[in-house]
Amino acid sequence: MFIKKFPFIERKEKSMHIFIRDEFDLYKIIHSGQCFRAVEINDGLFRFITGRHVLYIRHIQGIRYDVSCSPYLWNHLWKPYFDLSENYEAIRNSISPNDHYLQKAADYSRGIRILRQDPWETLITFIISQRKSIPAIASAVEKLCQKAGEEIKTPLEILYTFPTPQKLSSLSQEDLKACSLGYRIPYISKSAEIIKKSPHLLKDMATYDDEKLLNALMELPGVGIKVANCTALFGFHRTALAPVDVWIQRVIDQKYEGSNPFPTYGQKAGIMQQYLFYYAQSTGMK
DNA sequence: TGGCAGGCCAATT
DNA sequence: AATTGGCCTGCC
């Protein structure tokens, strides 16, 4: 029984009832491939981590949700994190009726949102992601956090923060090997070293325009065009950018006759990319 | 049981 | 400038 296992979420001082009026689907969000640490820890109960903050959230019914944080943190941290000031329903409704495949994909993927994740964590996790399956990525990231992150105690469990650049660059080869990072180890150590030595680099990057940001990211070892686009979209919220991975390439080849449709989506290209990616993956397009 | 997995990089044309 | 092989290793 949920109430016995998770009493805190039933207690007024630790949990809060909130309303989310725009489309919002926790299951789809954690399976959309943009984040690797969020999980459904129990039937209908989801856990998200950002920085030292942990959120447990449950969909009750309709627009009603229970969250395990204070009103202040909900408004100032988690609402921005879930991009709740953006109207995704309006974005879906703006899709051209001529774009049948995107219409179908967006309808299927209704409720996905582009999270505002930490740029540093996003950078490293997407360097790790290359040539790995999503479960393998999640497992490697989790090992890294357990080895080098700081402990976070919640009423339910002990978790770990994502390691800082200082901590990550100080890890031994042996430690990194234990995290199943394979040939990406030098990419990660070197990138961490660069970010450690230039503490303002990521903050500066936030002020760059999209093209300059991509070029700056690709200066880092292990960051090519795809990882740069993912970092920019998911870590810097650059929604005009649409990462092209093998799945999206299949969509372009098979559904758009080889011509990349994203330029026509303008500032919403990244959101459309997520719809297409999630739909292509779910339908097992090959 | 092996082949493959949300690429990147360097060597080769 | 464009193409191609090699790479660590866990997962299905």
Side-chain angles (χ1 to χ4, degrees), chain A residues 28-39 101-102 105 108-109 112-115 117 119 121-147 168 171-195 213-236 238-239 241-256 258 260-262 269-286:
Chain A
K28 292 178 191 172
I29 289 168
I30 72 165
H31 291 99
S32 64
Q34 60 181 302
C35 57
F36 301 104
R37 298 199 69 198
V39 287
Y101 188 74
L102 179 59
Y108 182 88
S109 308
I112 287 179
R113 313 193 67 89
I114 306 287
L115 303 179
Q117 301 183 75
E121 176 174 342
T122 308
L123 169 66
I124 299 299
T125 54
F126 278 94
I127 291 177
I128 293 172
S129 77
Q130 57 186 86
R131 297 292 295 177
K132 270 182 177 294
S133 62
I134 290 175
I137 300 164
S139 155
V141 171
E142 211 48 48
K143 286 181 196 167
L144 198 56
C145 294
Q146 284 180 13
K147 187 162 284 290
L168 198 46
L171 285 184
S172 67
Q173 294 293 109
E174 196 179 37
D175 284 336
L176 291 167
K177 272 197 169 172
C179 298
S180 309
L181 302 173
Y183 67 89
R184 307 157 194 80
I185 286 176
Y187 298 159
I188 292 163
S189 323
K190 287 177 192 167
S191 288
E193 187 70 18
I194 291 168
I195 301 300
L213 173 61
L214 290 178
N215 288 327
L217 288 167
M218 285 191 290
E219 296 282 309
L220 298 167
V223 181
I225 188 65
K226 192 271 181 179
V227 170
N229 271 277
C230 286
T231 306
L233 175 58
F234 305 127
F236 292 89
R238 299 305 175 92
T239 56
L241 300 178
V244 177
D245 53 43
V246 295
W247 291 94
I248 292 297
Q249 190 59 52
R250 282 179 205 145
V251 171
I252 293 172
D253 291 342
Q254 296 175 28
K255 306 294 175 182
Y256 291 89
N260 187 321
F262 292 110
I271 298 170
M272 304 311 177
Q273 188 269 9
Q274 278 290 279
Y275 291 151
L276 291 172
F277 177 81
Y278 184 75
Y279 185 59
Q281 270 225 329
S282 311
T283 55
M285 175 186 276
K286 282 277 160 25

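Both backbone and side-chain heavy atoms feed into the values below; hydrogens, waters and symmetry mates do not. Residue numbering restarts at 1 for every chain, and letters A, B, ... go by the order of the sequence lines.
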Quiz prompt | Pairwise C1' distance, dC8(C) and dG2(B) [rounded to whole Å] | solution = 16 Å
Practice problem: Find the distance Gln249(A):CD to dG6(B):C1' and express it as a whole number of Å. | Solution: 12 Å
Quiz item: Going by heavy atoms in the side chains, are Thr231(A) and Val223(A) under 4.5 Å from each other?
Solution: no
Self-check item: Min side-chain heavy-atom separation Leu176(A)-Leu144(A) under 4.5 Å
Solution: yes
Exercise. Can you tell me the distance, in whole Å, between the NZ atom of Lys132(A) and the P atom of dC11(C)?
Key: 8 Å
Practice problem: Please work out if Ile225(A) contacts a base, only the sugar-phosphate, or nothing of the nucleic acid, heavy-atom cut-off 4.0 Å. | Solution: sugar-phosphate
Quiz item: So which one's nearest nucleotide on DNA chain B is more toward 5', Gln273(A) or Met218(A)?
Solution: Gln273(A)
Self-check item: Complementary nucleotide of dT12(B), counting Watson-Crick and G-U pairs under 3.5 Å
Solution: dA2(C)
Exercise. Look at all strands and tell whether Val244(A) reaches a base, only sugar-phosphate, or nothing, counting heavy atoms closer than 4.0 Å.
Key: nothing
Practice problem: Determine whether any donor atom in the side chain of Lys226(A) lies under 3.5 Å from an acceptor atom in the base of dG7(B), or the reverse, and answer yes or no. | Solution: no
Quiz prompt | Euclidean distance, atom CZ of residue Phe277(A) to atom P of dA5(B) [Å, nearest integer] | solution = 12 Å
Quiz item: Could you state the CG-P distance from Asp245(A) to dC4(B), rounded to the nearest angstrom?
Solution: 18 Å
Practice problem: Counting Watson-Crick and G-U wobble pairs only, both distances under 3.5 Å, name the nucleotide matched with dG6(B), or none. | Solution: none
Exercise. Using a heavy-atom cut-off of under 4.0 Å over every strand shown, decide if Gln274(A) touches base, sugar-phosphate, or nothing.
Key: nothing
Self-check item: Length of the CG-P vector between Leu181(A) and dC8(C), whole Å
Solution: 13 Å
Quiz item: Do you know which two heavy atoms are closest between Lys147(A) and Ala178(A), and how far apart they sit?
Solution: CE-CB, 4.0 Å
Quiz item: Taking side chain as C-beta onward, heavy atoms only, is Arg131(A) less than 4.5 Å from Tyr183(A)?
Solution: yes
Practice problem: Measure from CD1 on Ile248(A) to P on dG7(B) and round the result to the nearest Å. | Solution: 12 Å
Practice problem: Would you mind classifying the nucleic acid contact of Thr125(A) as base, sugar-phosphate or nothing, using non-hydrogen atoms under 4.0 angstrom? | Solution: nothing
Quiz prompt | dG7(B) base / Tyr183(A) side chain donor-acceptor hit below 3.5 Å | solution = yes
Quiz item: On DNA chain B, nearest-nucleotide positions of Gly222(A) versus Phe234(A): which is more 5'?
Solution: Phe234(A)
Self-check item: Intermediate values then yes/no, side chain to side chain donor-acceptor pair (under 3.5 Å), Gln34(A) and Ser32(A)
Solution: CA-CA 6 Å; Gln34(A) 60 181 302; Ser32(A) 64; 3.1 Å; yes
Exercise. Tell me whether the centres of the aromatic rings in Phe36(A) and Phe126(A) are closer together than 6.0 Å.
Key: yes
Quiz item: With sugar-phosphate meaning primed atoms plus P, OP1 and OP2, does Pro243(A) contact a base, only sugar-phosphate, or nothing at under 4.0 Å between heavy atoms?
Solution: nothing
Quiz item: On a whole-Å scale, what distance lies between the P atoms belonging to dC7(C) and dG3(B)?
Solution: 16 Å
Quiz item: So, does the side chain of Arg184(A) form a donor-acceptor pair with the base of dC8(C) at under 3.5 Å?
Solution: yes
Quiz item: Hey, which of these two, Tyr187(A) or Ser180(A), hits DNA chain C nearer its 5' end, going by closest nucleotide?
Solution: Tyr187(A)
Quiz item: For the pair made of CG in Leu123(A) and P in dC8(B), what is the distance, rounded to whole Å?
Solution: 12 Å
Quiz item: Mind checking the P distance from dG6(C) to dC4(B)? Whole angstroms is fine.
Solution: 15 Å
Quiz item: Nearest of dC8(C), dG6(B), dG10(C) to any side-chain atom of Arg131(A)?
Solution: dC8(C)
Quiz item: Among dG6(B), dC8(B), dG10(C), which is the nearest nucleotide to the side chain of Lys143(A)?
Solution: dG10(C)
Self-check item: Nearest-angstrom distance from the residue atom CD1 of Ile124(A) to P of dC8(B)
Solution: 14 Å
